[in-house]
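These numbers come from a predicted model, not from an experiment.
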Amino acid sequence: IEVLDPVGDPSIGRLRLVPRLRDLRGARLGVLDTQWRGFTQLLGKLVPDLREQFELSDVVMRTGVTGEPTEDRVLAELSKTDTVLNGLCN
C-alpha cells in the first residue's frame, strides 16, 4: 500500500500565489477540459455565457486526461492566458 501525504514539503518554504484578476472583463480565458462527461457538458453551457457576460478577448480550450500529468505543450499554451478554468464533474 502506498500512502500519499497531501502536505507540502516544508523545506521549500512559502510559495507566492499569482495575484487574482480584478475582473474577467476582456480577459483571455484558458480552459482545460479533463474529459469527464459532466465537466465537458458544463463547459458547453458555461463558456458561451462567460464569453458573453465578460466580453472575453479569447478562449483557449485544450484537453487533458484526468489522473495523468498535463502535457507540457498544453501547459505552455494555457500559461499565455490570463486565467485557467479547470475542474472535475460527473
Side-chain angles (χ1 to χ4, degrees):
I1 295 176
E2 181 180 357
V3 177
L4 302 176
D5 183 357
V7 176
D9 182 350
S11 67
I12 293 174
R14 294 188 72 131
L15 298 175
R16 260 188 45 233
L17 298 177
V18 175
R20 292 182 184 207
L21 293 179
R22 290 179 166 255
D23 190 354
L24 283 177
R25 201 158 313 285
R28 185 167 191 233
L29 176 66
V31 179
L32 180 58
D33 183 354
T34 52
Q35 301 184 56
W36 280 43
R37 184 178 60 208
F39 189 59
T40 301
Q41 291 172 349
L42 176 64
L43 289 175
K45 296 177 186 299
L46 183 62
V47 170
D49 288 347
L50 291 173
R51 190 186 296 266
E52 182 180 334
Q53 180 178 351
F54 294 102
E55 301 171 355
L56 299 174
S57 65
D58 193 15
V59 176
V60 177
M61 297 201 58
R62 298 295 179 262
T63 57
V65 179
T66 301
E68 294 184 18
T70 303
E71 295 177 28
D72 289 341
R73 171 189 59 79
V74 172
L75 292 175
E77 292 171 5
L78 293 174
S79 73
K80 296 174 185 166
T81 63
D82 298 308
T83 191
V84 176
L85 175 62
N86 180 18
L88 302 171
C89 144
N90 273 334

**Student:** Indicate, with yes or no, if Trp36 and Met61 share a hydrophobic cluster defined by side-chain heavy-atom contacts under 4.5 Å among Ile, Leu, Val, Met, Phe, Trp and Tyr.
**Tutor:**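 Yes; Trp36 is reachable from Met61 via cluster members.
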**Student:** Could you pull out the closest heavy-atom pair between Leu43 and Pro48, with the gap in Å?
**Tutor:**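 For Leu43 versus Pro48, the nearest heavy atoms are O-CD, 3.8 Å.
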**Student:** Who pairs with Ser11 by side-chain hydrogen bond (donor to acceptor under 3.5 Å, both in side chains), at least two apart in sequence or on another chain?
**Tutor:**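 Residues passing side-chain hydrogen bond (donor to acceptor under 3.5 Å, both in side chains) with Ser11: Asp9.
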**Student:** Using atom types as modelled and distance alone, determine if a side-chain donor or acceptor of Thr34 lies under 3.5 Å from a backbone N or O of Val65.
**Tutor:**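 Answer holds: no.
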**Student:** To check you understand the geometry: which heavy-atom pair defines the closest contact between Ser57 and Gly26, and what is its length?
**Tutor:**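 Looks like OG-O, 3.2 Å.
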**Student:** Test your reading of the model: is there a side-chain donor-acceptor pair from Gln35 to the backbone of Gly64, 3.5 Å cut-off?
**Tutor:**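 At least one qualifying donor-acceptor pair exists.
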**Student:** For residues Asp33 and Thr40, is any side-chain donor paired with an opposing acceptor at under 3.5 Å?
**Tutor:**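 There is such a pair between these side chains.
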**Student:** Going by heavy atoms in the side chains, are Leu29 and Leu50 under 4.5 Å from each other?
**Tutor:**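 They are in side-chain contact.
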**Student:** Going by the rule side-chain hydrogen bond (donor to acceptor under 3.5 Å, both in side chains), which residues pair with Thr70 if we only count those two or more places apart in sequence or in a different chain?
**Tutor:**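 Counting only residues at least two positions away or on another chain, Thr70 forms no side-chain hydrogen bond (donor to acceptor under 3.5 Å, both in side chains).
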**Student:** Output every pair passing salt bridge (charged side-chain N to carboxylate O under 4.0 Å, His left out) with a member in residues 64-88, not counting sequence neighbours, ordered by first then second residue.
**Tutor:**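 Listed once each, the pairs are Arg62-Glu77, Glu71-Arg73, Arg73-Glu77.
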**Student:** Restricting to pairs with a member in residues 44-60, which pass salt bridge (charged side-chain N to carboxylate O under 4.0 Å, His left out), not counting sequence neighbours?
**Tutor:**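 Applying salt bridge (charged side-chain N to carboxylate O under 4.0 Å, His left out) to every pair that reaches into residues 44-60, excluding sequence neighbours, yields Arg28-Asp58.
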**Student:** Out of curiosity, Phe39 CZ to Leu46 CG, how far, rounded to the nearest 0.5 Å?
**Tutor:**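 Rounded to the nearest 0.5 Å, the CZ-CG separation comes to 8.0 Å.
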**Student:** Got a sec, which hydrophobics cluster with Leu32, joining ILVMFWY side chains under 4.5 Å apart, including via others?
**Tutor:**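 Besides Leu32, the hydrophobic cluster comprises Val60, Val74, Leu78, Val84, listed by chain and residue number.
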**Student:** For Val18, which fellow cluster members are found when Ile, Leu, Val, Met, Phe, Trp and Tyr are connected by side-chain heavy-atom distances below 4.5 angstrom, either directly or through intermediates?
**Tutor:**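 ILVMFWY cluster around Val18 holds nothing else.
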